[in-house]
Amino acid sequence: ICYSAAFSSGFVMVKPYRGIVPFGFAAAVLYHVSPHVPQHLQIVVAIYGVFIASMAWRAFARVGYRAQDVVPELCGVAGAILFITSDTLLAMRDFGHRASLYDVPISTAVMVTYFAAQFLIALSVPSRTKGNFTIY
């Protein structure tokens, strides 16, 4: 929710068409894993899927807002894609039909994509003083 708000701050352009891919992908993942999700977690997992898709949609909608420097915006998109990748791998590991809590390659991929996503999302914050891309 915080990333969605951060990607939305500073502009009001909704661009609903940029949500088609993230929401479609979330729906496909939920369709695939929902038969394997315990009944008491069904609604929670679905709501989380909507939140993650919303975060990606807002990152995608932000591209082109700051015409002078799109690098931070593209970092945000790449971070959102990696965040979705991490959560998809996590869902497939924990709720997929071949679930294994100790599958080391998938667990490693989850963490690598998660940390890369966090790094790229942090890079998506442009300098407020100069309007330039700055790493703090």
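Not measured: the values here are computed from a predicted model.
When the side chains of ILVMFWY residues are joined at heavy-atom separations under 4.5 Å, either directly or via intervening members, Ile81 and Val21 end up in two distinct hydrophobic clusters. Under a hydrophobic-cluster definition in which Ile, Leu, Val, Met, Phe, Trp and Tyr are linked whenever side-chain heavy atoms come within less than 4.5 Å, directly or via other members, Phe60 and Ile20 are assigned to different clusters. Linking Ile, Leu, Val, Met, Phe, Trp and Tyr residues whenever their side-chain heavy atoms come within less than 4.5 Å leaves Tyr31 and Phe23 in two separate clusters. Linking ILVMFWY residues whenever their side-chain heavy atoms come closer than 4.5 Å, directly or via other members, leaves Phe51 and Val44 in distinct clusters.
Smallest separation of non-hydrogen atoms from Ile84 and Ala56: CD1-CB, 3.4 Å. Here the closest heavy-atom approach between residue Gly79 and residue Ala117 is recorded as O-CB, 3.3 Å. For Gly49 against Ala26, the heavy-atom pair with the smallest separation is O-CB, 3.9 Å. Listed here is the closest heavy atom pair of Val33 and Ala91: CG1-O, 4.0 Å. Contact detail for Ala80 and Met55: the closest heavy-atom pair is CB-SD, 3.7 Å.
Rounding to the nearest 0.5 Å places CD1 of Ile47 at 11.0 Å from CG of Leu30. The CD1 atom of Ile52 lies 12.0 Å from the CZ atom of Phe25; values are rounded to the nearest 0.5 Å. Remark: Met92 CE to His36 NE2 distance equals 8.5 Å, nearest 0.5 Å. To the nearest 0.5 Å, atoms CZ (Phe115) and CG (Leu120) are separated by 13.5 Å. Rounded to the nearest 0.5 angstrom, Thr88 OG1 and Arg93 CZ are separated by 13.0 Å. Taken to the nearest 0.5 Å, the CG atom of Leu89 stands 10.5 Å off from the CG atom of Leu82.
Looking at Phe95 and Ser34, their side chains never come closer than 4.5 Å, going by heavy atoms from C-beta outward.
Every residue two or more places apart in sequence or in another chain was checked for a side chain to side chain donor-acceptor pair (under 3.5 Å) with Gln42, and none qualifies. Contacts of Tyr114 classified as ring pair (Phe, Tyr, Trp, His ring centres under 6.0 Å), with partners at least two apart in sequence or in another chain: Phe83.
When atom types are taken as modelled, the side chain of Ser86 and the backbone of Val110 share a donor-acceptor pair closer than 3.5 angstrom. Using modelled atom types, no side-chain atom of Arg62 and backbone atom of Gly76 make a donor-acceptor pair closer than 3.5 Å.
Summarising the local packing, OH of Tyr17 is surrounded by more than 12 heavy atoms from other residues, nucleotides or ligands at distances under 6.0 Å.
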